[in-house]
Amino acid sequence: MAATFTLDDVRKHNSKDDVWMVIHNKVYDATKYLEDHPGGSIILREVAGTDATEQFVEIGHSVEATDILKELYVGDLAEEEHAEELEIFRPTYEKVAMEAAIKVEKPTVNKFKKNVKKTIAMSSVIASVGAVGLAKGWWTGPEWALAAVTTAQKPINQLADFIRSKFAQNGGSSKLFWWGVGIATVVELSLTTVVTTWVLSKFEAQKEFTHFPRSRPAKKERKMAELKIPTNSTSGPAVKPPVKVIDPADWRKFKLVRKVLVSPNVYHLVFALPHPTDVLGLPTGQHIALRALIDGKSVSRSYTPVSNNSDLGRVELLIKVYDQGLMTKHLERMEIGDQIDIRGPKGAMQYVPNQYAKEIGMIAGGTGITPMYQLIRAICEDESDKTKISLLYANNTEADILLREELDGFVKAFPEKLSVQYVLGQADENWTGLRGFVTADMIKDFLPAAADTTKMLLCGPPPMVAAMSKNLVSLGFTAPGTLSKATDQVFLF
């Protein structure tokens with residue numbers, strides 16, 4: 001039988017390293033989840049020792065949180081202290097079929113062979129007639145091509161009569177043999193050329209995405225082509241739009257196809273989608289949940305992909321491995337071909353181009369760059385989006401800077417949209433950028449000032465997020481709420 005606790009019992013667990021809370025009349029010990037919480041430990045500590053049901057529901061992440069709460073459950077709230085259950089609206093989702101977005105019809109073998117034979121025969125005859133005609137002076141200039149094609153389309157008996165008549169007019173039968181040899185030679189060369197070209201084409205192979213480097217130069221515009229479905233039969237066969245493969249309620253398996261160590265304890269992971277034309281289907285600003293069976297227990301954690309819906313057939317993650325991180329250690333141990341469960345989208349961020357804010361300031365630390373990079377990439381690659389972004393990115397050493405090549409590429413390609421300042425806590429003597437911790441003065445100098453049209457985004461280690469929140473408040477920004485909402489002036493990922 002489950003243990004029973006009163007609210008007074010729960011209130012005793014409200015210290016920095018002892019965090020209990022009540023959600024839907026059940027008691028949870030969130031202490032061991034402090035460092036893994038996507039929004040940082042500060043959010044959990046603020047509701048320690050209280051009934052956090054309202055905040056939990058408001059954030060809109062109850063689907064995945066149910067799994068996590070099972071690991072944190074310690075007992076029930078005493079029945080006499082039960083709060084009235086909140087009515088929660090949960091939308092239903094239509095399952096997405098796991099099928100290819102575009103059906104490619106391959107020609108039959110017989111039809112293919114027939115087309116090849118026809119092409120070879122026609123090419124050989126045209127080349128032969130054209131070459132001999134030019135050599136004998138039957139025609140000159142551009143008229144030879146038309147004459148050669150017209151002659152080649154004649155039945156074979158008429159073609160033979162035609163060639164004999166030409167030979168009779170230009171030297172008689174004594175030269176027929178040698179001209180026959182010439183024609184045979186031209187035919188053979190034509191045939192060899194056509195067949196060789198066809199055979200070589202069969203050896204061409206399109207490289208899959210795992211053969212390419214993980215970074216690429218930024219481009220002014222990289223939009224997915226809009227696939228329109230014809231509305232009537234006269235328009236041709238219907239073409240399906242790319243299939244979105246994740247679902248907020250269903251866990252689906254995805255295979256690891258690439259794993260690269262990009263810096264100490266940081267891995268770039270690539271998981272393949274079911275089909276090369278599929279898209280993940282993740283809205284800008286939101287994230288996904290990963291789940292795995294670790295030491296006999298189901299563990300799930302949230303991550304923001306660095307890929308987006310223009311990257312067909314894959315989802316890419318950048319993760320840092322922590323000694324006490326159950327999921328990150330599991331991801332580090334994964335081998336190519338292993339599978340993991342993924343579902344989503346999830347998260348409170350709802351980014352709309354040209355509506356969310358005119359200017360966005362970002363402060364990121366370490367792997368906290370991933371949600372920032374997702375937004376930066378979406379804004380820079382959308383020519384119609386006029387939002388301006390300023391980023392302060394903090395790390396210990398220069399080697400710890402993640403996605404630097406990509407960020408610098410966007411700055412170079414879109415200087416009117418993006419500015420980036422790197423801050424190093426342990427910089428060497430050759431470093432010419434900012435040093436130390438991110439300060440209020442740095443924020444004032446490099447990020448937009450507080451205004452109704454300005455938003456500030458934070459993501460990084462909990463102590464850093466807490467310190468930056470205080471700095472922003474001192475500069476006139478509204479303090480972030482206990483649980484982040486898309487409308488907050490300061491949003492915590």
Mark yes when over 12 heavy atoms from residues, nucleotides or ligands other than [X] sit less than 6.0 Å from its [atom1]; otherwise mark no.
X	atom1	result
D428	CG	yes
D323	CG	no
K329	NZ	yes
K417	NZ	yes

Under 3.5 Å: donor-acceptor pair, side chain of [X], backbone of [Y]:
X	Y	value
T31	V19	yes
D278	H275	yes
N396	G425	no
S307	E316	yes
R343	D250	no
E359	P448	no
K32	D29	no
D338	E335	yes
N309	L282	yes
T328	Y322	yes

What is the minimum heavy-atom distance between [X] and [Y], and which atoms define it?
X	Y	answer
G368	P371	O-CD, 3.3 Å
I340	M327	CD1-SD, 4.1 Å
I379	I360	CD1-CD1, 4.2 Å
L77	T6	CD1-C, 4.0 Å
T284	Q374	C-OE1, 3.7 Å
L407	L418	O-CD2, 4.2 Å

Please examine the side chains of [Y] and [X], heavy atoms only from C-beta on, and report whether any two atoms are closer than 4.5 Å.
X	Y	value
L331	L269	yes
L290	I288	yes
L447	I363	yes
V270	L256	no
L375	F493	yes
V22	F5	no
V245	V315	no
Q426	T397	yes

Could you walk me through whether K26 and Y73 satisfy the side-chain contact (heavy atoms from CB on, under 4.5 Å) test, starting with their C-alpha distance in whole Å, then the side-chain angles of each, then the deciding distance to 0.1 Å, before giving a yes or no?
CA-CA 7 Å; K26 295 185 181 297; Y73 173 74; 4.0 Å; yes
Checking side chain to side chain donor-acceptor pair (under 3.5 Å) for the pair D382/S384: CA distance, chi angles, key distance, verdict?
CA-CA 5 Å; D382 184 354; S384 66; 2.6 Å; yes
State the [atom1]-[atom2] distance between [X] and [Y], to the nearest 0.5 angstrom.
X	Y	atom1	atom2	value
I389	F410	CD1	CZ	9.5 Å
Y373	C380	OH	SG	9.5 Å
M372	T304	CE	OG1	9.5 Å
I342	L280	CD1	CG	7.0 Å
K320	D400	NZ	CG	6.0 Å
E71	S298	CD	OG	6.5 Å

Under the side chain to side chain donor-acceptor pair (under 3.5 Å) rule, what do N308 and S310 come out as? Steps first, then yes or no, please.
CA-CA 6 Å; N308 63 21; S310 66; 2.6 Å; yes
Would K259 pass as a cation-pi partner of Y267, given that its NZ or CZ must be under 6.0 Å from the six-membered ring centre and within 45 degrees of the axis?
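Yes, cation above the ring, under 6.0 Å and within 45°.
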Please report the C-alpha distance between R377 and D311 in whole Å, then the side-chain angles of each, then the deciding distance to 0.1 Å, and finally whether the salt bridge (charged side-chain N to carboxylate O under 4.0 Å, His left out) criterion is met.
CA-CA 12 Å; R377 184 179 171 188; D311 298 313; 2.7 Å; yes
side-chain contact (heavy atoms from CB on, under 4.5 Å) for M21 and L44? Distances and angles first, verdict last.
CA-CA 9 Å; M21 64 189 66; L44 298 179; 4.1 Å; yes
Side chains of residues 453-475: which donor-acceptor pairs under 3.5 Å do they make with residues two or more places apart or in other chains?
from	atom 1	to	atom 2	distance (Å)
T454	OG1	A449	O	3.3
S469	OG	V465	O	2.9
S474	OG	N471	O	2.5

Pair R404 + D408, salt bridge at N-O below 4.0 Å:
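So R404 pairs with D408 through a salt bridge.
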Between Y422 and Y393, what is the ring plane arrangement, given parallel below 30°, perpendicular above 60°, and tilted in between?
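Taking Y393 first and then Y422, their aromatic rings sit tilted (interplane angle of 30° to 60°).
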Test side chain to side chain donor-acceptor pair (under 3.5 Å) on S302 and K346 and set out the steps.
CA-CA 9 Å; S302 297; K346 61 187 297 289; 2.9 Å; yes
L424/I401 under side-chain contact (heavy atoms from CB on, under 4.5 Å): CA gap, chis, key distance, verdict:
CA-CA 9 Å; L424 298 185; I401 300 175; 4.1 Å; yes
T478: partners by side chain to side chain donor-acceptor pair (under 3.5 Å), with sequence neighbours left out
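With sequence neighbours excluded, T478 shows a side chain to side chain donor-acceptor pair (under 3.5 Å) to Q489, given in chain and number order.
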Using side chain to side chain donor-acceptor pair (under 3.5 Å) as the criterion, list what pairs up with R435, not counting sequence neighbours.
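Checked R435 against side chain to side chain donor-acceptor pair (under 3.5 Å); zero matches.
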When you check the side-chain N and O atoms of Y351 and D385, is any donor under 3.5 Å from an acceptor?
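There is such a pair (donor and acceptor under 3.5 Å, judged by atom type) between the side chains of Y351 and D385.
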Is the closest side-chain donor-acceptor distance between D17 and S15 under 3.5 Å?
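Looking only at side-chain atoms, S15 and D17 do not form any donor-acceptor pair under 3.5 Å.
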Checking V266 against L402 for the side-chain contact (heavy atoms from CB on, under 4.5 Å) test, could you report, in this order, the C-alpha distance in whole Å, the side-chain angles of both residues, the deciding distance, and whether it holds?
CA-CA 9 Å; V266 177; L402 303 175; 3.7 Å; yes
